[in-house]
2 protein chains.
Amino acid sequence: MPSPTTENYLKAIYALAERDTNRPLVRLGELATELKLTPGTITTMIRSLAERDLVTYQPRAGVKLSAKGNQEALQVLRRHRLIELFLVEVMKMDWSEVHEDAEALEHAVSDKFLAKMDEMMGYPTEDPHGDPIPVAGAEIPASQTRKLSDVPSGNYQLSRVNDQDPEFLDWLSASGLRPGTRFAVTSHDPRSGVLLLQLEGGAAELPIGIGAAKNIRVKPLGTH
Amino acid sequence: MPSPTTENYLKAIYALAERDTNRPLVRLGELATELKLTPGTITTMIRSLAERDLVTYQPRAGVKLSAKGNQEALQVLRRHRLIELFLVEVMKMDWSEVHEDAEALEHAVSDKFLAKMDEMMGYPTEDPHGDPIPVAGAEIPASQTRKLSDVPSGNYQLSRVNDQDPEFLDWLSASGLRPGTRFAVTSHDPRSGVLLLQLEGGAAELPIGIGAAKNIRVKPLGTH
DNA sequence: AAAAATAGTTTGAATATTCAAAATAAACTG
DNA sequence: CAGTTTATTTTGAATATTCAAACTATTTTT
Ligand SMILES: [Mn+2]
Ligand SMILES: [Mn+2]
Ligand SMILES: [Mn+2]
Ligand SMILES: [Mn+2]
């Protein structure tokens with residue numbers, strides 16, 4: 001029912017709100033950046049989303065998804081992530097290249113096709129980048145993960161990675177980092193902006209810049 | 001590059017031109033019916049297609065695909081048919097329900113995804129309804145088949161069926177008719193508008209109306 | 001050949017989406 | 001707090017796609 005454009009806006013609002021958890025409002029400027037559109041365009045479109053009760057709009061302050069908008073966003077996200085996993089698992093595409101394909105297919109797949117994919121993969125709960133696949137009714141549990149860039153030295157397990165940048169994803173897999181990988185943060189120098197990681201079974205330490213580390217979410221492991 | 005709308009117009013022009021082979025021009029009224037749009041809309045859009053050199057437009061007479069438009073149409077058709085086969089073969093969907101899905105997906109699949117499907121199915125040459133799957137450079141050979149409605153008594157093999165109507169396709173499979181099926185036309189009564197078919201290994205004769213028979217294309221078999 | 005029917009085109013208008021540039025409000029700064 | 005910077009909104013305009021209704025050309029009937 002909603003147009004691809006509408007779906008993309010709702011998804012973007014959801015993603016930005018989730019980015020830094022519990023932000024009450026998403027600012028329109030952030031949306032303009034995320035969607036690569038001019039600010040005026042965003043204002044216009046948000047007005048229209050508000051009229052359709054998909055968002056709550058407070059001029060000059062920001063937007064928030066309504067219950068209806070949130071549900072809609074989750075459905076698109078479900079499609080997006082199930083498609084990404086399907087492309088990797090079934091079609092044997094690389095995890096670095098599936099995001100863009102999913103971005104288009106999420107607006108075109110039927111419920112039937114989606115159900116077949118779901119069944120074929122055994123009702124998976126996470127996409128190739130470690131993001132949870134939303135389910136029809138159920139809520140998504142608030143992510144207990146932290147950004148790798150914010151975390152003190154210690155042991156961690158890689159949980160989720162930002163899927164937008166193919167180069168970054170290629171580097172990750174080449175370095176042996178993907179969802180599930182365990183490693184220790186051995187040092188974190190804010191002045192140089194470099195963290196050192198010791199991968200489980202990895203010989204040398206792996207340096208990673210703070211910028212890149214912001215795109216990785218980890219789960220703390222006990223220091224056993 | 002072309003919008004989904006443009007792709008659908010080109011595909012429709014191609015389909016109508018192929019319907020009754022070698023018709024020099026497709027009339028805009030036919031397009032209006034096929035695409036379920038008003039005549040004025042068609043005129044407007046055809047003007048725009050002509051400006052982009054995708055069609056040759058002779059006002060009040062009709063349109064014809066240009067070389068460029070033809071190539072574009074074949075690409076969409078290739079996607080459509082490969083997707084249909086994929087949905088049947090890989091996703092185990094019913095042949096009666098895949099056309100609509102393919103109608104949307106044909107505008108959303110990437111070259112990479114398409115290549116994976118093609119490879120996965122072993123570079124097939126026909127879709128589930130018996131229609132040829134166009135290949136990159138190659139021409140589609142002029143169909144040597146005839147409409148079942150136009151054919152005299154004799155032995156035939158079912159070649160292609162119109163894929164638009166799910167009810168019709170359900171009836172076909174329930175009756176044991178699909179591409180490849182051999183049968184004899186035992187009688188054809190133009191007054192009642194009914195043909196009788198004797199399926200290979202079928203007990204009773206199968207009656208089929210002329211209207212339905214127009215949607216079936218057959219290949220004559222020697223009367224051995 | 002005129003009248004009637006059919007097919008196609010024009011016109012005027014609407015919706016959805018987007019941009020550039022001007023105007024305005026809010027936040028920050030010295 | 002006045003001035004400056006930044007974020008957002010407004011305004012005016014464009015493109016793509018569609019419709020309804022009026023108009024026109026073509027074909028078919030008397
Ligand atoms: Mn993605
Ligand atoms: Mn998208
Ligand atoms: Mn089809
Ligand atoms: Mn289509």
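Note that the structure is predicted; figures quoted are calculated from it, not measured. Proteins get letters first, then strands, A, B, ... in listed order; numbering begins at 1 in each.
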Asks: Write down the distance between CG (Leu25(A)) and C1' (dT8(D)), rounded to a whole number of angstrom.
Replies: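 It works out to 14 Å between those atoms.
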Asks: Determine which pairs satisfy salt bridge (Lys or Arg N to Asp or Glu O under 4.0 Å) with at least one residue from residues 105-115 of chain A, sequence neighbours left out, and list them in order.
Replies: Lys11(A)-Glu106(A), Lys112(A)-Glu97(B)
Asks: Whole-Å distance between dT17(C) C1' and Glu51(A) CD?
Replies: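 Value for this atom pair: 15 Å.
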Asks: To check you understand the geometry: which heavy-atom pair defines the closest contact between Arg78(A) and Val135(A), and what is its length?
Replies: NH1-CA, 4.0 Å
Asks: Suppose the criterion is ring-ring contact (aromatic ring centres under 6.0 Å, His included): which pairs have a residue in residues 4-59 of chain A, not counting sequence neighbours?
Replies: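 Those involving residues 4-59 of chain A do not exist here.
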Asks: How is the base pairing of DNA chain D summarised as a dot-bracket string, given the Watson-Crick and G-U wobble criteria with both distances under 3.5 Å, [ ] for crossing and | for another strand?
Replies: ||||||||||||||||||||||||||||||
Asks: Leu35(A) CG to dT17(C) C1': how many Å, rounded?
Replies: 13 Å
Asks: According to salt bridge (Lys or Arg N to Asp or Glu O under 4.0 Å), does anything in residues 63-77 of chain B pair up with another residue at least two apart or in another chain? List the pairs.
Replies: none
Asks: Encode nucleotides 4-16 of chain C as B, S and - characters from 5' to 3', where the letter depends on protein heavy atoms closer than 4.0 Å: B to the base, S only to sugar-phosphate, - to neither.
Replies: ---BBBB------
Asks: side-chain contact (heavy atoms from CB on, under 4.5 Å) with Ser192(B): which residues, sequence neighbours excluded?
Replies: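 If we apply the side-chain contact (heavy atoms from CB on, under 4.5 Å) test to Ser192(B), skipping adjacent residues, the hits are Asp189(B), Val194(B).
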Asks: Does Thr145(A) have any side-chain contact (heavy atoms from CB on, under 4.5 Å) partners at least two apart in sequence or in another chain, and if so, which?
Replies: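 Thr145(A) satisfies side-chain contact (heavy atoms from CB on, under 4.5 Å) with Ser143(A), Ser159(A), Arg217(A) once adjacent residues are dropped.
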Asks: Which pairs count as salt bridge (Lys or Arg N to Asp or Glu O under 4.0 Å) when at least one residue sits in residues 134-143 of chain A, sequence neighbours excluded?
Replies: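 Qualifying pairs, neighbours excluded: none.
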Asks: If a pair satisfies ring-ring contact (aromatic ring centres under 6.0 Å, His included) and one of its residues is in residues 78-97 of chain A, list it, with sequence neighbours excluded.
Replies: His80(A)-His99(A), Trp95(A)-His129(A)
Asks: Expressed in angstrom and rounded to an integer, what is the separation of Glu34(A) atom CD from dA7(D) atom P?
Replies: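 Nearest whole value for this atom pair: 17 Å.
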